[in-house]
Amino acid sequence: MATPTVLMVAEKPSIALSIASVLSRGQMYTRRGSTEVHEFGGMFLGFHAQFKVTSVIGHIFSVDFPVKYQDWTATDPLDLFQAPVIKNESNPKAHICRHLNQEARGCGHLVLWLDCDREGENICFEVIESSGFSVNEARKRVYRARFSSVTEKDILKAMDNLVEPNRYEALAVDARQEIDLKVGVAFTRFQTSYFQGKYGNLDSRVISYGPCQTPTLGFCVQRYFQINTFKPEKFWTLHPYIMEKGYELQLEWGRNKLFDKDVTVMFEKRVSEDGILEVTEISEKQESKSRPSGLNTVNLLKVASSALGFGPQMAMQLAERLYTQGFISYPRTESTAYPSSFDFRGTLSAVANNPTWGNYVQGLLENGYHKPRSGTDVGDHPPITPMLSATEDMLGRDPWKLYQYVCQHFIGTVSPDCKYLRKKVEFSMGGETFYCTGQHVTVKGFTSIMPWLAVNEKNLPRFAKGEKIEVSKMELYEGSTSPPDYLTESDLISHMEKNGIGTDASIPVHINNISERNYVQVQAGRKLVPTTLGITLIRGYQLIDPDLFLPDIRSFIEQQITLIAKGQVDHFRVVQHVLQQFMQKYSYFVKKIENMDALFEAQFSSLTDSGRSLSKCGKCLRYMKYISSQPPRLYCGTCEEVYYLPQKGTIKLYKELTCPLDNFELLLFSIPGPEGRSYPLCPYCYSNPPFEGIETLIRADKMGGSGKLGKGAGMPCFLCPHPTCPHSLVAQGVCACPECSGTLVLDPVSAPKWRLHCNMCNCLVFLPEGAHRISTTQERCPECDSTIIEVDFNKKTTPLEDGATLHIGCILCDELLHSLVEMKHGRVNMRRMGSRGRGRGARRGSFRVRGRGNGKKVDPKMSFRDF
DNA sequence: GCAAGGTC
């Protein structure tokens with residue numbers, strides 16, 4: 001019998017490598033693929049077997065709505081709650097599905113080594129589906145390895161105790177995905193359309209809603225409310241002073257502070273009449289400040305924001321880079337407890353020769369380090385620790401700051417606690433108690449490596465019980481309570497963690513989202529100050545349905561799907577139940593939106609009052625307003641219609657020309673810069689493409705295109721297949737793009753640096769410079785079917801004989817034109833296009849005609865689209 | 001143009 005092959009799949013490449021290294025004892029053969037595959041021989045369930053260990057890269061699929069529901073204008077968001085959902089490959093370019101399918105061929109067994117949490121369980125079933133292992137046979141051939149850490153001991157133990165994947169847990173994740181998608185998208189689309197259709201200065205491309213991002217914003221705005229409604233209160237306290245050995249010592253009052261001045265004055269009078277303090281009690285207590293437990297992601301993010309000045313997104317990027325370069329361990333972990341097998345000595349040795357803290361670490365190694373405090377072990381990854389020694393020169397300033405903290409924190413966890421003596425002296429005067437405290441550090445412990453956490457030394461003079469001391473000064477202090485400050489990122493992370501909003505990996509994303517959507521701004525000290533938009537949204541929810549922004553909305557979803565995970569309630573019933581509730585909330589929200597709108601009206605300016613008149617509407621022939629703030633759009637006040645425009649460029653009127661299809665005035669969109677481009681568009685056609693099937697084409701452009709059009713790309717004239725319009729692709733297209741399946745289109749306003757640009761990729765082609773005019777004609781080249789162009793050269797620089805200026809020809813077949821043409825692709829290389837005499841075959845880098853037929857002449861412009 | 005969750 002042939003040796004059976006066992007396919008093993010981990011959640012990420014690094015885990016696949018660790019598992020393979022342990023099981024093969026380092027004797028494996030590694031080959032590349034979509035993700036690496038490690039192969040070796042060994043024993044499996046008592047038989048000789050060939051192993052292949054590979055990985056996915058997180059989730060293989062993500063949920064979305066079918067194409068039919070993608071069109072915002074054609075779908076009522078309410079229908080989304082009952083719409084079907086489909087799973088698409090999250091990262092189609094990575095080809096993980098195909099990779100697993102190929103690797104699974106000929107394998108008799110599948111072992112799932114995904115992370116041991118709900119998401120991991122869900123990915124198990126994604127892997128089963130992708131690899132083609134029949135679900136019916138799952139009992140026989142599919143195994144789940146449950147490991148609590150990626151160590152030799154745990155990996156071997158998991159191999160000896162293979163179980164089945166847990167479908168209930170996986171279904172709970174499916175439920176969460178569907179609920180989050182439907183709720184988030186429905187509310188987002190409704191809010192966005194409603195408010196963007198009315199106001200011109202909201203300054204956010206999309207008015208998003210989500211069960212995590214909205215409560216996140218809610219925390220920031222609630223703090224804003226607290227600050228705003230805060231009423232300062234005056235308070236009074238008594239501070240007697242005594243002179244001891246030449247310096248003044250301030251005593252505290254046993255009553256701390258009072259909010260009544262008359263009462264305080266009464267006490268002041270009483271103690272002042274006495275004027276003599278008697279020492280009544282001297283106590284001393286040993287106090288201890290504990291060393292930190294292991295560093296997890298959330299705590300790293302908090303310190304990074306509050307002490308190092310890095311936002312969560314930035315901190316994660318730095319940490320990831322340090323991880324891939326091998327300087328620190330895996331930076332995404334919830335655990336604060338080290339696994340029992342953790343090699344403290346090895347890790348300490350790794351950072352022992354560092355000039356900054358080397359001596360201290362040497363001391364720990366020689367005199368013995370401390371056992372770290374027990375934290376929580378979530379079973380994902382060990383706490384974040386240094387792996388290699390590094391210097392600032394090696395890493396650069398910012399990565400070094402983060403690395404340094406990781407080192408200090410790790411060393412801190414195996415250092416002694418900080419010990420200090422706390423001394424309290426109590427006095428009595430006029431029947432009132434006063435006191436002073438001092439502290440003296442006896443063991444610095446971990447604070448010598450984390451000095452910002454050090455306990456302050458505070459010396460007290462010697463006192464004797466019963467001693468009587470004269471008061472040198474009596475102060476009646478008047479203070480005032482002060483409002484809290486705005487939430488810092490670090491505070492916000494704590495709130496999110498406490499309320500179960502987001503995960504260690506997604507917390508930075510949510511914070512980034514509310515800032516990108518212009519709901520909050522990060523100000524000095526990494527404080528999150530809500531914007532008018534953010535405040536107005538939360539106040540609106542408060543009026544209509546506070547559940548929508550309170551953190552309970554997340555815990556409700558979590559608690560519902562936990563019923564699925566435990567196998568207590570059927571997946572379908574839970575999803576239906578939860579969606580039913582959100583649907584009701586949605587309907588109510590829509591019904592009451594005017595309450596929220598009243599707030600918007602007070603804060604923002606209506607479309608009618610925004611923007612400047614730019615171009616004429618094709619329906620009413622009146623001028624429409626151009627609103628340049630995000631998202632750029634045109635608003636026709638008469639028709640009360642909004643027409644969205646492309647982003648990240650400038651818009652102006654295009655020679656007062658109109659679209660022959662709908663009479664709207666054409667606009668010219670330009671991206672500035674040397675590699676910029678400009679193209680005409682009709683504001684109506686742009687959002688309402690007049691030809692059937694154009695949607696697929698625009699999507700193709702989105703996927704493979706330059707991206708410069710922005711995600712919401714519509715149909716500019718260069719994609720329009722209109723047969724007679726002088727601005728369409730048919731009229732302005734010249735020939736097939738040499739780099740992709742697009743068409744090179746004449747940029748009509750690029751004079752004097754005339755150019756063609758591809759309507760699908762970054763390819764740019766420079767035409768003869770300095771020409772007075774270059775235009776397309778209706779003629780086609782008989783040889784290659786490209787559009788014949790007409791060039792009117794400058795009199796002084798014309799390359800034509802006898803000073804002639806007019807030249808007509810094909811840029812591919814006309815020797816003169818072809819020699820004057822230069823190609824530039826994206827930002828990279830500039831090169832002379834296919835030189836003369838080399839022929840025009842399908843050689844890369846030269847123009848070619850892409851044909852479907854066998855040498856049959858095909859219109860290059862029509863060849864890439866199959867209308 | 002939408003969510004939140006993996007991971008790169």
Side-chain angles (χ1 to χ4, degrees), chain A residues 10-16 34-35 55-65 69-73 75 77 80 83 85 87 89-91 93-94 96 114-115 117-124 126-127 170 172-193 196 202 204-216 297 316-317 319-321 323-324 330-332 380-381 496 500-510 512-514 516-517 553-554 557-558 561 582 630-633 642 644-647 687 702 709-714:
Chain A
E11 192 157 318
K12 41 190 167 275
S14 62
I15 303 257
S34 291
T35 53
S55 75
V56 292
I57 314 165
H59 275 289
I60 308 174
F61 302 109
S62 53
V63 289
D64 206 346
F65 294 110
Y69 296 87
Q70 304 278 0
D71 185 346
W72 286 44
T73 48
T75 310
L80 294 174
V85 291
K87 285 198 175 199
E89 232 178 313
S90 308
N91 184 354
K93 282 185 194 153
I96 296 296
L114 291 119
D115 292 0
D117 51 24
R118 271 186 205 164
E119 297 295 332
E121 222 57 35
N122 186 270
I123 304 176
C124 281
E126 296 185 349
V127 170
V173 171
D174 282 343
R176 184 200 42 76
Q177 291 176 341
E178 184 172 344
I179 295 164
D180 284 346
L181 176 76
K182 291 185 168 178
V183 174
V185 173
F187 276 90
T188 300
R189 283 193 193 173
F190 170 68
Q191 287 185 168
T192 305
S193 311
Q196 275 182 357
L202 295 180
S204 180
R205 245 177 7 158
V206 59
I207 315 296
S208 59
Y209 175 87
C212 283
Q213 55 170 274
T214 305
T216 302
T297 309
M316 276 323 283
Q317 277 171 17
E320 240 147 52
R321 220 169 73 210
Y323 162 67
T324 47
Y330 190 69
R332 268 186 295 242
D380 47 357
H381 297 271
M496 295 174 76
I501 307 292
T503 65
D504 52 354
S506 71
I507 281 174
V509 180
H510 299 312
N512 207 45
N513 264 342
I514 60 170
E516 239 171 29
R517 304 273 152 85
I553 204 156
R554 191 76 198 148
I557 297 175
E558 288 294 329
I561 64 164
F582 275 107
Q630 292 289 3
R633 61 222 125 122
V642 176
Y644 290 92
L645 298 170
Q647 298 168 32
S687 306
K702 269 196 242 179
L709 294 179
K711 274 190 179 168

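Here is the naming used below: chain letters follow the sequence lines, and residue numbers restart at 1 for every chain. Computed from a predicted model, the values in this text were never measured in an experiment.
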Legend entry - Closest-nucleotide 5' rank along DNA chain B - winner of K182(A) and H59(A): K182(A)

Inset, instruction - Assign each of V56(A) and F65(A) to its nearest nucleotide of DNA chain B by heavy atoms, then name whichever residue's nucleotide is nearer the 5' end. - result: F65(A)

Inset, instruction - Return the nearest nucleotide to the side chain of I57(A); candidates are dA3(B), dC8(B), dA4(B). - result: dC8(B)

Inset, instruction - Would you indicate what R321(A) reaches in the nucleic acid, counting non-hydrogen atoms under 4.0 angstrom: base, sugar-phosphate, or nothing? - result: nothing

Legend entry - Spacing between R189(A) atom CZ and dA3(B) atom C1', to the nearest angstrom: 11 Å

Legend entry - Straight-line distance of L202(A) CG to I207(A) CD1, nearest 0.5 Å: 4.5 Å

Inset, instruction - Look at S90(A) and dG5(B) and indicate whether a side-chain polar atom (N or O) is within less than 4.0 Å of OP1 or OP2. - result: no

Legend entry - Residue D115(A), side-chain heavy atoms: nucleotide from dA4(B), dC8(B), dT7(B) that is nearest: dT7(B)

Inset, instruction - May I ask you to say what Q196(A) touches in the nucleic acid, namely base, sugar-phosphate or nothing, with a heavy-atom cut-off under 4.0 Å? - result: base

Inset, instruction - May I ask you to say what V173(A) touches in the nucleic acid, namely base, sugar-phosphate or nothing, with a heavy-atom cut-off under 4.0 Å? - result: nothing

Inset, instruction - Please check the phosphate of dA4(B) (OP1 and OP2 only) for any side-chain N or O of Q213(A) closer than 4.0 Å. - result: yes

Legend entry - Flag side-chain contact, heavy atom, 4.5 Å: P632(A) against Q647(A): yes

Inset, instruction - Using whole Å, report how far CD1 of I96(A) lies from P of dC8(B). - result: 11 Å

Inset, instruction - Using modelled atom types only, decide if a donor and an acceptor are shared between the side chain of S34(A) and the backbone of A94(A) within a distance under 3.5 Å. - result: yes

Legend entry - Touch class at under 4.0 angstrom, heavy-atom based, for P211(A) against every strand present: sugar-phosphate

Legend entry - Residue pair I557(A) / P211(A): nearest heavy atoms and the distance that separates them: CD1-CB, 4.1 Å

Legend entry - H510(A) vs dG5(B): side-chain N/O to OP1/OP2 distance below 4.0 Å: yes

Legend entry - Under the side chain to side chain donor-acceptor pair (under 3.5 Å) test, residues paired with T503(A) that sit two or more places apart: S506(A)

Inset, instruction - Select base, sugar-phosphate, or nothing to describe what S208(A) touches, counting heavy atoms under 4.0 Å on all strands. - result: sugar-phosphate

Inset, instruction - Round to the nearest Å and state the distance from K87(A) atom NZ to dG6(B) atom P. - result: 14 Å

Inset, instruction - Establish whether the base of dC2(B) is bridged to the side chain of Q70(A) by a donor-acceptor pair shorter than 3.5 Å. - result: yes

Legend entry - Sugar-phosphate, base or nothing in reach of F187(A), heavy atoms under 4.0 Å: nothing

Inset, instruction - Return the nearest nucleotide to the side chain of W72(A); candidates are dC2(B), dG5(B), dT7(B). - result: dC2(B)

Legend entry - Intermediate values then yes/no, salt bridge (charged side-chain N to carboxylate O under 4.0 Å, His left out), E320(A) and R332(A): CA-CA 9 Å; E320(A) 240 147 52; R332(A) 268 186 295 242; 2.9 Å; yes

Inset, instruction - Output yes when at least one side-chain N/O atom of R176(A) is less than 4.0 Å from OP1 or OP2 of dA3(B), else no. - result: no

Legend entry - side-chain N/O R332(A) vs dG5(B) OP1/OP2, d < 4.0 Å: no

Legend entry - I15(A) CD1 to dC8(B) C1', straight-line distance once rounded to whole Å: 14 Å

Inset, instruction - Could I get the full list of side chain to side chain donor-acceptor pair (under 3.5 Å) partners for D180(A), not counting sequence neighbours? - result: R176(A), R554(A)

Inset, instruction - Classify the nucleic acid contact of G502(A) as base, sugar-phosphate or nothing, counting any heavy atom under 4.0 Å across all strands shown. - result: sugar-phosphate

Legend entry - Whole-Å distance separating the CG atom of L181(A) from the C1' atom of dC2(B): 8 Å

Legend entry - Distance test, side-chain N/O of S506(A) to OP1/OP2 of dA4(B), below 4.0 Å: no

Inset, instruction - Please state whether the phosphate of dA4(B), meaning OP1 or OP2, lies under 4.0 angstrom from any side-chain nitrogen or oxygen of R118(A). - result: no

Inset, instruction - Measure the distance from CG on N122(A) to C1' on dG5(B) and round it to the nearest whole Å. - result: 9 Å

Inset, instruction - Check whether any side-chain nitrogen or oxygen of Y330(A) sits under 4.0 Å from OP1 or OP2 of dC8(B), and answer yes or no. - result: yes

Inset, instruction - Find the distance I60(A):CD1 to dA4(B):P and express it as a whole number of Å. - result: 23 Å

Inset, instruction - Check whether any side-chain N or O of R205(A) sits under 4.0 Å from OP1 or OP2 of dC2(B), and answer yes or no. - result: yes

Legend entry - Spacing between E126(A) atom CD and dG6(B) atom P, to the nearest angstrom: 12 Å

Inset, instruction - Report which part of the nucleic acid D64(A) touches: base, sugar-phosphate, or nothing (heavy-atom distance under 4.0 Å, all strands). - result: base

